[in-house]
Number of protein chains: 2
Amino acid sequence: MALTTDARIGVSPQVGLFEAIVALSHPQRMRIAAKLAEGRNYVSQLARDLQMSRPLLHLHLARLEAAGLVRSEMEVSDDGKAMRYVVLTPFSFHLTPDAVVAAARELNNRDD
Amino acid sequence: MALTTDARIGVSPQVGLFEAIVALSHPQRMRIAAKLAEGRNYVSQLARDLQMSRPLLHLHLARLEAAGLVRSEMEVSDDGKAMRYVVLTPFSFHLTPDAVVAAARELNNRDD
DNA sequence: ACCACATGTCAGTATGTTCTGACACATGGC
DNA sequence: GCCATGTGTCAGAACATACTGACATGTGGT
């Protein structure tokens, strides 16, 4: 019974297509997402791997997370350090003219 | 036999996913693409429909066209006016972690 | 000749995003 | 106590993009 919940991990809520597109529209964020596809990682390590400053990475991660492409949680390592692990969510969007029409409709509804 | 060529209309070359994403990452361009999904249109009319200035629309159309999401051609109307008609290409991208990895690899190759 | 409508371009401004450097805080090991 | 490592935030500079307004060009119709 306890497995029921765990089995649902991986099923992402699918936020708007537009937010996903905006989130991935920057080379750095595209690289971050790609790196995270290799597996989960914590912020400082990720910053080293991608050779970018932590504050900057922090900003980009926030954008990715807001779009629902990434999720993160704090963990305490063996030596007691608080570490934020980030994972890529298994998103899936179909980018077609029809999807664009739907996304644009969403945008208009937002202006109400 | 002459149909062979015409039958190929609609098969787009599929430019990079990243360029497509960047092109659609702006609300205005998303709306432009959505409007063009209704059918082809010429620039001035499109500007009126979307209530944006022609110079601005011109800029956005250039970006959409560079990404391969849109194509355009000049035509001469019955009353002799040169009009630029724009059409949305039938693009199709699958936006997943794997696609992101591929797109990021593309980005890195570009820096060589 | 002038008006209405189409095309395109350019300079300059406004706005928004990206990026850096400095700061503050916490923990374990030397 | 101090250093290394982790976390986060903020102000301001640097950069990129979006946007406006004015201009130049062409056509047919009145």
Side-chain angles (χ1 to χ4, degrees), chain A residues 18-36 40-67 69-87 104 107 110-111, chain B residues 18-36 40-67 69-87 104 107 110-111:
Chain A
F18 185 67
E19 3 282 308
I21 285 184
V22 170
L24 291 173
S25 69
H26 194 273
Q28 301 276 45
R29 286 193 291 270
M30 189 65 101
R31 287 201 185 92
I32 294 170
K35 182 70 188 172
L36 285 173
R40 71 174 215 159
N41 209 342
Y42 66 96
V43 182
S44 285
Q45 185 56 47
L46 199 51
R48 279 189 293 266
D49 291 350
L50 299 169
Q51 303 200 73
M52 76 175 70
S53 74
R54 266 193 326 108
L56 184 53
L57 176 58
H58 201 269
L59 179 139
H60 286 312
L61 281 177
R63 279 166 111 32
L64 286 169
E65 191 155 18
L69 301 181
V70 140
R71 303 216 288 118
S72 70
E73 59 184 320
M74 292 295 290
E75 273 181 41
V76 182
S77 67
D78 291 344
D79 53 342
K81 300 214 170 78
M83 323 190 48
R84 191 173 146 218
Y85 276 91
V86 190
V87 288
L107 281 181
R110 216 159 295 180
D111 299 338
Chain B
F18 184 68
E19 4 282 310
I21 286 182
V22 170
L24 291 174
S25 68
H26 194 274
Q28 300 276 44
R29 285 193 293 269
M30 192 62 103
R31 287 201 185 91
I32 294 170
K35 184 68 188 172
L36 285 173
R40 69 174 218 158
N41 207 343
Y42 66 97
V43 181
S44 286
Q45 185 57 46
L46 199 50
R48 278 189 292 266
D49 290 350
L50 298 169
Q51 303 200 75
M52 76 176 70
S53 73
R54 267 195 324 107
L56 183 55
L57 177 58
H58 201 268
L59 180 137
H60 286 313
L61 281 177
R63 278 165 116 17
L64 286 170
E65 191 154 20
L69 301 180
V70 140
R71 302 216 289 119
S72 71
E73 58 185 319
M74 292 293 292
E75 274 180 40
V76 182
S77 68
D78 290 346
D79 52 343
K81 299 215 171 77
M83 326 194 40
R84 191 174 145 216
Y85 276 92
V86 189
V87 289
L107 281 180
R110 216 160 294 179
D111 297 339

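Order of the sequence lines sets the chain letters (A, B, ...), proteins ahead of strands, with each chain counted from 1.
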TODO: For the side chain of Pro55(A), starting at C-beta, report the closest nucleotide among dG8(D), dG21(C), dG6(D).
DONE: dG21(C)
Open item on the list: Heavy atoms only, 4.0 Å cut-off, all strands: where does Val43(A) land among base, sugar-phosphate and nothing?
Closed with: sugar-phosphate
Task: By salt bridge (Lys or Arg N to Asp or Glu O under 4.0 Å) - contacts of Arg48(B) (at least two apart) - done: none
Open item on the list: How many whole angstroms separate atom CD of Glu73(A) from atom P of dG8(D)?
Closed with: 13 Å
Open item on the list: Does a side-chain N or O of Arg84(B) approach OP1 or OP2 of dA6(C) to a distance below 4.0 Å, or not?
Closed with: no
Open item on the list: How many whole angstroms separate atom CD of Gln45(A) from atom P of dT7(D)?
Closed with: 10 Å
Open item on the list: Rounded to whole Å, how long is the line connecting atom OH of Tyr42(A) with atom P of dT7(D)?
Closed with: 7 Å
TODO: Would you kindly give the CZ-to-P distance between Arg54(A) and dC19(C), to the nearest whole Å?
DONE: 16 Å
Task: ring pair (Phe, Tyr, Trp, His ring centres under 6.0 Å) partners for Phe18(B), two or more places apart - done: none
- [ ] For Asp78(A), check side chain to side chain contact (heavy atoms under 4.5 Å, CB included) against everything at least two apart and list the hits.
- [x] none
Between the protein and nucleotides 14-19 of chain D, list every N/O to N/O distance that falls short of 3.5 Å.
residue	atom	partner	partner atom	Å
dA18(D)	OP1	Arg29(B)	NH1	2.9
dA18(D)	OP1	Arg29(B)	NH2	3.0
dA18(D)	OP2	Arg63(B)	NE	3.1
dC19(D)	OP2	His60(B)	NE2	3.0

Which atom pairs, one a donor and one an acceptor, fall under 3.5 Å between side chains of residues 55-64 of chain A and the rest of the protein, sequence neighbours left out?
residue	atom	partner	partner atom	Å
His60(A)	ND1	Arg29(A)	NH1	3.1

Task: Listed partners of Glu75(A) passing side chain to side chain donor-acceptor pair (under 3.5 Å), at least two apart - done: Arg40(A)
Task: Minimum-distance pair of heavy atoms, taken over all atoms of Met74(A) and Ala82(A) - done: CE-CB, 3.6 Å
- [ ] Take atom CE of Met83(A) and atom P of dG28(C), then tell me their distance rounded to the nearest Å.
- [x] 14 Å
Open item on the list: I need the NE2-C1' distance between His58(A) and dG6(D), as an integer number of Å.
Closed with: 12 Å
Task: Residue list, side chain to side chain donor-acceptor pair (under 3.5 Å) with Ser72(A), at least two apart or on another chain - done: Glu65(A), Arg84(A)
Open item on the list: Taking only side-chain N and O atoms of Arg48(A), does any of them lie within less than 4.0 angstrom of OP1 or OP2 on dT5(D)?
Closed with: no
TODO: Return the value, rounded to whole Å, for the distance between atom CD of Glu65(A) and atom P of dG8(D).
DONE: 10 Å
Open item on the list: Between Leu36(A) and Leu69(A), is there a side-chain heavy-atom distance shorter than 4.5 Å?
Closed with: no
TODO: For Arg54(B), enumerate each residue passing the salt bridge (Lys or Arg N to Asp or Glu O under 4.0 Å) test, keeping only those at least two apart in sequence or located in another chain.
DONE: none
Between the protein and nucleotides 26-30 of chain D, are there any N/O to N/O pairs under 3.5 Å, and if so, what are the atom names and distances?
residue	atom	partner	partner atom	Å
dG28(D)	O4'	Asp79(B)	O	3.4

- [ ] Rounded to the nearest angstrom, tell me the gap between atom CD in Gln51(A) and atom P in dT20(C).
- [x] 12 Å
